[in-house]
Amino acid sequence: EFMTAGTVGLAPIIMGGTSPLHIRVAIDENDVWRFSENTKATASLRSNKEIDFDLTFVRIEPYVQPKQQLSGDSTQRVDTRVLEVIYQFDPADQPIYVGQQMDVFIEAIP
C-alpha cells in the first residue's frame with residue numbers, strides 16, 4: 001500500500017496480542033473514592049448479558065482526564081472526568097472481538 005507523509009487519520013496497520021484481552025474501564029471521578037483494585041470485577045457483552053467474564057486487575061492509569069468517548073445520551077454530562085483502569089480476561093472460546101463494547105461491574109468498597 002501507499003501512504004503519503006503527514007497523513008492524518010486511521011493508522012495504516014494495527015498490531016497487538018489478543019491473549020489475554022485487556023479492557024479499559026472509565027470510572028467517573030465522583031466514584032473513584034469507591035474503587036479498590038482488590039474488589040471483584042466482572043464484564044459482560046452489551047449484546048448478550050449471559051456471556052460474562054471475571055476480570056483480573058492489571059493497572060491504573062494514574063491521571064484523571066476528561067472523558068473521550070461519549071454515548072450520545074442527552075442526559076450525559078460532557079464535562080465528565082474519569083480515571084481509567086485496565087483489567088484483563090481470557091475469552092476462551094467465546095465470540096469476543098477487539099473493540100467490542102462491554103458492561104463492567106466493579107464491587108464498591110464498603
Side-chain angles (χ1 to χ4, degrees):
E1 289 189 34
F2 175 76
M3 293 294 300
T4 59
T7 301
V8 178
L10 297 176
I13 188 170
I14 299 174
M15 297 177 65
T18 58
S19 182
L21 286 176
H22 287 88
I23 185 167
R24 182 177 298 269
V25 180
I27 301 174
D28 188 292
E29 71 177 327
N30 294 324
D31 294 323
V32 168
W33 69 272
R34 301 172 60 194
F35 169 76
S36 170
E37 61 192 55
N38 300 320
T39 58
K40 182 180 178 186
T42 58
S44 63
L45 287 179
R46 284 217 169 148
S47 59
N48 186 347
K49 302 292 183 209
E50 293 180 11
I51 300 177
D52 61 348
F53 306 93
D54 289 330
L55 301 177
T56 302
F57 175 80
V58 175
R59 70 178 180 278
I60 297 172
E61 296 289 338
Y63 178 64
V64 175
Q65 59 190 346
K67 184 175 181 181
Q68 298 296 318
Q69 298 175 348
L70 301 175
S71 67
D73 186 4
S74 62
T75 61
Q76 185 174 21
R77 291 181 22 217
V78 294
D79 62 344
T80 302
R81 297 174 54 80
V82 295
L83 176 71
E84 291 187 343
V85 180
I86 311 297
Y87 287 95
Q88 72 179 19
F89 67 99
D90 183 11
D93 59 349
Q94 298 294 331
I96 307 296
Y97 302 98
V98 173
Q100 265 185 294
Q101 290 188 338
M102 301 180 82
D103 290 322
V104 174
F105 299 93
I106 304 170
E107 288 183 6
I109 58 173

K.L.:
When you group the ILVMFWY residues by side-chain heavy-atom contacts below 4.5 Å and let the links chain together, are F35 and M102 in the same group?
P.N.:
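M102 and F35: one cluster.
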
K.L.:
Less than 4.5 Å apart, any side-chain heavy atom of T56 and any of Y87?
P.N.:
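In short, these two side chains do not touch, never coming nearer than 4.5 Å.
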
K.L.:
Check this for me: does any side-chain nitrogen of one of E84 and R24 sit under 4.0 Å from a carboxylate oxygen of the other?
P.N.:
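Looking at E84 and R24, the cut-off is met.
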
K.L.:
Only counting residues at least two apart or in another chain, list the ones meeting side-chain hydrogen bond (donor to acceptor under 3.5 Å, both in side chains) with R59.
P.N.:
E61

K.L.:
Start with the C-alpha distance between F57 and I86, add both sets of side-chain angles, then the distance that settles side chain to side chain contact (heavy atoms under 4.5 Å, CB included), and finish with yes or no.
P.N.:
CA-CA 7 Å; F57 175 80; I86 311 297; over 6 Å; no

K.L.:
Do V58 and V25 sit in the same hydrophobic cluster, where Ile, Leu, Val, Met, Phe, Trp and Tyr count as joined when their side-chain heavy atoms come under 4.5 Å apart?
P.N.:
no

K.L.:
Nearest 0.5 Å, please: how far is CD1 in I109 from OG in S36?
P.N.:
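Nearest 0.5 Å value for the OG-CD1 distance: 6.0 Å.
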
K.L.:
Does V64 offer a backbone N or O that forms a donor-acceptor pair with the side chain of R81 under 3.5 Å?
P.N.:
yes

K.L.:
Measuring from atom CG of D90 to atom CD1 of I96, what distance do you get when rounded to the nearest 0.5 angstrom?
P.N.:
11.0 Å

K.L.:
Nearest 0.5 Å, what's the CG-OH distance between L45 and Y97?
P.N.:
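If we round to the nearest 0.5 Å, L45:CG and Y97:OH are 10.5 Å apart.
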
K.L.:
Take T42 and V104 through the test side chain to side chain contact (heavy atoms under 4.5 Å, CB included) and record every step on the way to the result.
P.N.:
CA-CA 6 Å; T42 58; V104 174; over 6 Å; no

K.L.:
What verdict does the side chain to side chain contact (heavy atoms under 4.5 Å, CB included) test give for F89 and H22, after you've listed the backbone C-alpha separation in whole Å, the side-chain angles of each residue and the deciding distance to 0.1 Å?
P.N.:
CA-CA 6 Å; F89 67 99; H22 287 88; over 6 Å; no

K.L.:
Just wondering, more than 12 heavy atoms not from K40 lying within 6.0 Å of its NZ?
P.N.:
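No, the 6.0 Å shell around NZ holds no more than 12 heavy atoms from other groups.
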
K.L.:
About how many Å separate CD of Q100 and CD1 of I51, when rounded to the nearest 0.5 Å?
P.N.:
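That separation rounds to 8.5 Å.
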
K.L.:
Membership question, hydrophobic clusters at under 4.5 Å side-chain separation (ILVMFWY): are Y63 and V85 in the same one?
P.N.:
no

K.L.:
Applying the 4.5 Å side-chain criterion to the ILVMFWY set and letting contacts propagate, would I106 and V32 be lumped into a single cluster?
P.N.:
yes

K.L.:
Let's go through I60 and E37 carefully: what are the C-alpha distance in whole Å and the side-chain angles of both, what is the deciding distance for side chain to side chain contact (heavy atoms under 4.5 Å, CB included) to 0.1 Å, and is it a yes or a no?
P.N.:
CA-CA 8 Å; I60 297 172; E37 61 192 55; 4.1 Å; yes

K.L.:
Would a 4.5 Å heavy-atom cut-off, applied to side chains only, mark L21 and Q88 as touching?
P.N.:
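Heavy-atom side-chain distance check fails, nothing below 4.5 Å.
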
K.L.:
Any donor and acceptor pair, going by atom type alone, linking the side chain of T39 with main-chain N or O of A108 inside 3.5 Å?
P.N.:
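No, because the side chain of T39 does not come within donor-acceptor range (under 3.5 Å) of the backbone of A108.
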
